[in-house]
Amino acid sequence: MACIVYYSLTGQTRKFVNKVAGFDKYEISSDKEAIEMTEPFIMVIPSYESHVYGDVIETAEEFLECGDNAQLCKGLFGGGNRNFAQLFCVTVKELSVLFDIPVLHGFEFQGSPLDVATLTKELEEIDQYEKIEH
Ligand SMILES: Cc1cc2nc3c(=O)[nH]c(=O)nc-3n(C[C@H](O)[C@H](O)[C@H](O)COP(=O)(O)O)c2cc1C
C-alpha cells in the first residue's frame, strides 16, 4: 500500500499530510537515520533554498539514496509560498532533477482541500496501478 514520506521544519507540511486519511505517513528529519522503504510512496517536501537551509534537501537526498527508495518514490509534492516567485517549490524542483522523479504538485503552507484531494488521488492511483501490475 502506498504511503507518504514527508519533512516538516515549522509544521505546515505535517498539518497538510495529516489531513490525508487512509494512508500511512512517515516523517523524516536530520536526526533520524534513513530507512529502506518496501512500498511505493509520495514524498512531500517544503521549500527552503538549499544553499541557505541545506538540511532540508540533504535529509531528503539521504532518504532517497537509501536502498531502493528513489525507485519507490513515485512522485514529489512541494510545499511552499508563491511569494517566492521563481523559487516556488524550489526544493522539489532540485530533487526532481537529481533523482529523475516527477514533481506532481505544488501547494502553499498546510494545503487547501483541493491539495489534500490531489494527494489522496495520486496515492489511490499508485495502489490501483500496483494491483494491475502484481
Ligand atoms: C526561511 C524560509 C525560506 C523559505 N524559502 C522558500 C522558497 O525558496 N520557496 C518557497 O516556495 N517557499 C519558501 N518558504 C516557504 C515554506 O516552504 C512554507 O512556509 C512551507 O509551508 C513550510 O513548511 P514546513 O512548515 O513543513 O517546514 C520559505 C520559508 C521560510 C521560513
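Heavy-atom basis, side chains included; hydrogens, waters and symmetry copies ignored. Start at 1 and go down the list; that is how both ligands and their atoms are numbered. Along the sequence shown, residues are numbered consecutively beginning with 1.
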### Task
Run the numbers for me: atoms of ligand 1, each under 4.0 Å from some heavy atom of S8, listed by number.
24 (P), 25 (O), 26 (O), 27 (O)

### Message
For atom 3 (C) of ligand 1, what is the closest protein heavy atom, and at what distance to 0.1 Å?
### Response
Y48 CD2, 3.7 Å

### Query
Is any side-chain heavy atom of L119 less than 4.5 Å from a side-chain heavy atom of F16?
yes

### Task
Measure the spacing between CD of Q71 and CG of L64 and express it to the nearest 0.5 Å.
9.5 Å

### Task
List every atom of ligand 1 that sits less than 4.0 Å from any heavy atom of F88, numbering the atoms from 1 in the order shown and giving each element.
11 (O)

### Query
Going by the order shown, which atoms of ligand 1 are within less than 4.0 Å of some heavy atom of G80?
10 (C), 11 (O), 12 (N), 17 (O)

### Query
Roughly how far, to the nearest 0.5 Å, is the CD atom of E122 from the CD1 atom of I42?
5.5 Å

### Query
Considering only heavy atoms, does F84 approach ligand 1 within less than 4.0 Å through its side chain, its backbone, both, or neither?
side chain

### Query
Against heavy atoms of L9, which atoms of ligand 1 measure under 4.0 Å?
24 (P), 26 (O), 27 (O)

### Under 3.5 Å: donor-acceptor pair, side chain of K15, backbone of G111
no

### Heavy-atom proximity to atom 16 (C) of ligand 1, best of S47, P46, G11, C89
S47

### Query
Of all the atoms in ligand 1, which lie at a distance below 4.0 Å from a heavy atom belonging to V90?
8 (O)

### Task
Apply the test side chain to side chain donor-acceptor pair (under 3.5 Å) to residues D115 and T118: give CA-CA distance (whole Å), side-chain angles for both, the deciding distance (0.1 Å), then the verdict.
CA-CA 5 Å; D115 298 318; T118 305; 5.3 Å; no

### Query
Among protein heavy atoms, which lies nearest atom 1 (C) of ligand 1, and at what distance?
Y53 OH, 3.1 Å

### Task
May I ask whether V17 and I126 are part of the same hydrophobic cluster, defined by side-chain heavy atoms of I, L, V, M, F, W, Y residues being less than 4.5 angstrom apart, directly or through others?
yes

### Query
Of the backbone atoms (N, CA, C, O) and the side-chain heavy atoms from C-beta on, which set of T10 has a member under 4.0 Å from an atom of ligand 1: side chain, backbone, both, or neither?
both

### Pair listing, salt bridge (Lys or Arg N to Asp or Glu O under 4.0 Å) test, anchored in residues 67-91, at least two apart
R82-E108

### Task
Sequence neighbours left out, what passes side-chain hydrogen bond (donor to acceptor under 3.5 Å, both in side chains) with E27? Give chain and number order.
Y6, R14

### Task
Could you tell me the residue and atom name of the protein heavy atom closest to atom 9 (N) of ligand 1, and the distance to it rounded to 0.1 Å?
L87 O, 2.9 Å

